[in-house]
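Here's the structure we're looking at; comments come further down.
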Amino acid sequence: MNELKNGIVLYHGSYCVVENPDLTKCAMYKDFGQGFYLTTSKEQAKSFAKISATKAKLKGLIPYSEKFAYISFFKMCDSDSLKTFAFETANLEWLHTIVAHRRNGVFPNIKISMQDYDVISGKIANDDTNATIIAYMDNVFGKMGSDQADKMCISLLLPERLKDQFCFRSEKAIAALEFLKSEKVSLE
């Protein structure tokens, strides 16, 4: 897991350039809650940019003829002032935190324990892992939160292959980022 430190470059993939992140426009039920998500993997950001563009076309936010999505580059400038929490690996605590933020009312104490952090980081539950997490939440592996279900879900996620993500959850965290540039991603 990459450490959040001053000077690190982070990437955000979207259907548009994002120079000034707005937390009010960020979706609520994401892995680590509502926030602006970035990664150290440019390839992961590129993948997200394409997914974001597809969703934006379906919602009518951009025309179907749009040929580009974008990666926005940010530099971390003031990590020392932020209250951060980092999951070193995709373990049981990580899984329960993701489920707590994705489904209201599940593992409420975990969600409460995370609410004061400016930035939460850890492995990303991406499209490759989404089906496994949904199956876990639907009790396919046994009752959600049971030892059996937890062990089965973690074993299927192959955590060593997952990229990282950083969820910037507060205005203080957003202010610690400096926009550097953007880069087009072809949708063809």
Side-chain angles (χ1 to χ4, degrees), residues 1-53 55-56 61 68-91 93-102 104 107-127 129-130 159 161-185:
M1 182 67 209
N2 287 306
E3 182 183 341
L4 186 65
K5 59 185 175 193
N6 292 339
I8 191 172
V9 175
L10 301 167
Y11 307 97
H12 177 80
S14 182
Y15 67 91
C16 63
V17 174
V18 179
E19 289 186 39
N20 299 301
D22 182 349
L23 290 173
T24 64
K25 293 182 180 179
C26 298
M28 291 183 63
Y29 297 103
K30 297 288 186 178
D31 292 353
F32 300 137
Q34 186 173 19
F36 184 61
Y37 283 79
L38 299 122
T39 179
T40 59
S41 168
K42 189 176 174 185
E43 283 304 309
Q44 186 68 39
K46 182 178 179 179
S47 174
F48 278 145
K50 290 178 178 183
I51 291 167
S52 175
K55 289 178 182 178
L61 298 173
F68 296 101
Y70 299 87
I71 299 173
S72 298
F73 295 58
F74 292 87
K75 181 172 77 172
M76 186 70 226
C77 295
D78 189 15
S79 63
D80 299 333
S81 70
L82 303 177
K83 186 174 180 185
T84 64
F85 185 92
F87 291 98
E88 293 304 316
T89 187
N91 58 19
E93 184 183 18
W94 168 88
L95 174 64
H96 287 181
T97 299
I98 287 174
V99 172
H101 285 100
R102 285 190 180 189
N104 213 10
F107 305 123
N109 292 340
I110 293 174
K111 196 170 180 178
I112 290 168
S113 73
M114 294 286 159
Q115 69 187 7
D116 291 331
Y117 290 104
D118 296 305
V119 180
I120 300 174
S121 61
K123 299 289 187 176
I124 187 164
N126 60 17
D127 286 349
T129 60
N130 203 34
R161 295 185 185 173
L162 301 177
K163 303 291 185 200
D164 61 17
Q165 65 180 341
F166 295 83
C167 176
F168 284 67
R169 299 165 39 104
S170 69
E171 291 300 332
K172 185 178 180 181
I174 296 296
L177 292 170
E178 176 188 341
F179 175 78
L180 298 174
K181 67 177 184 173
S182 66
E183 190 175 284
K184 285 184 178 181
V185 173

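All values below were derived from every heavy atom in this structure, side-chain atoms included, with hydrogens, water molecules and symmetry-related copies excluded.
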One should read off an interatomic distance between Lys25 NZ and Asn20 CG, to the nearest 0.5 angstrom, of 10.0 Å

Classify the angle between the aromatic ring planes of Tyr37 and Phe32 as parallel (below 30°), tilted (30 to 60°) or perpendicular (above 60°). parallel

Separation between CG (Leu38) and CD (Gln44), nearest 0.5 Å, reads 12.0 Å

Rounded to the nearest 0.5 angstrom, the CG-CG distance for Leu4 and Leu10 is 6.5 Å

Using modelled atom types and a 3.5 Å cut-off, is there a donor and acceptor pairing between side-chain atoms of Asp164 and backbone atoms of Thr39? no

Nearest heavy-atom contact between Asp118 and Ser81 is OD2-O, 4.5 Å

- [ ] Could you check if a side-chain atom of Lys184 sits within less than 4.5 angstrom of a side-chain atom of Tyr70, using non-hydrogen atoms only?
- [x] yes

Check against side-chain contact (heavy atoms from CB on, under 4.5 Å), Asn130 and Arg102: CA-CA 11 Å; Asn130 203 34; Arg102 285 190 180 189; 2.6 Å; yes

Interatomic distance, SG@Cys26 vs CD1@Ile174, rounded to 0.5 Å, equals 6.5 Å

**Item:** side-chain contact (heavy atoms from CB on, under 4.5 Å) evaluation trace for Phe166 with Thr40
**Value:** CA-CA 9 Å; Phe166 295 83; Thr40 59; 3.8 Å; yes

Interatomic distance, CD@Glu19 vs OG@Ser182, rounded to 0.5 Å, equals 7.0 Å

Between Ala69 and Ser14, the two heavy atoms sitting closest are CB-O, 3.5 Å

Step by step, would you call Leu82 with Met76 a side-chain contact (heavy atoms from CB on, under 4.5 Å)? CA-CA 11 Å; Leu82 303 177; Met76 186 70 226; 3.6 Å; yes

message: Determine whether Phe179 and Phe73 satisfy the following criterion, ring-ring contact (aromatic ring centres under 6.0 Å, His included), listing intermediate values before the conclusion.
response: CA-CA 6 Å; Phe179 175 78; Phe73 295 58; 8.5 Å; no

Task: Donor-acceptor pair, side chain of Ser52 and main chain of Ala49, under 3.5 angstrom - done: no

ask   = Any donor-acceptor pair under 3.5 Å linking the side chain of Trp94 with the backbone of Gly122?
value = no

Between Lys163 and Glu43, is there a side-chain N and carboxylate O pair less than 4.0 Å apart? no

Here the pair of heavy atoms bringing Glu93 nearest to Thr97 is O-OG1, 2.8 Å

Value for CE (Met114) from SG (Cys167), rounded to nearest 0.5 Å, stands at 11.5 Å

Verify the neighbour count for atom NZ of Lys46: are there more than 12 heavy atoms of other residues, nucleotides or ligands below 6.0 Å? no

Residues Ala45 and Tyr11: closest non-hydrogen pair is CB-CB, 3.5 Å

Backbone of Gly33 reached by a side-chain donor or acceptor of Lys111 within 3.5 Å = no

Tested for side chain to side chain contact (heavy atoms under 4.5 Å, CB included) against Leu23, the lone hit among Arg169, Glu171, Gln34 is Glu171

Residues at least two apart in sequence or cross-chain that pass ring pair (Phe, Tyr, Trp, His ring centres under 6.0 Å) with His12, listed by chain then number, are Phe36

With sequence neighbours left out, the residues meeting ring pair (Phe, Tyr, Trp, His ring centres under 6.0 Å) with Phe85 are Phe87, Tyr117

Quick note, salt bridge (Lys or Arg N to Asp or Glu O under 4.0 Å) partners involving residues 73-86, not counting sequence neighbours, are Lys75-Glu178

Practice task
Using the side-chain contact (heavy atoms from CB on, under 4.5 Å) rule, take Val99 and Ile110 through it: C-alpha gap first, then chi angles, then the decisive distance, then the call.
Solution key: CA-CA 10 Å; Val99 172; Ile110 293 174; over 6 Å; no

Note to self: Is there a side-chain hydrogen bond (donor to acceptor under 3.5 Å, both in side chains) between Asn91 and Thr89? Walk through the geometry before answering.
What the structure shows: CA-CA 6 Å; Asn91 58 19; Thr89 187; over 6 Å; no

Note: Tyr15 and Ala53 closest approach over all heavy atoms is CB-CA, 3.6 Å

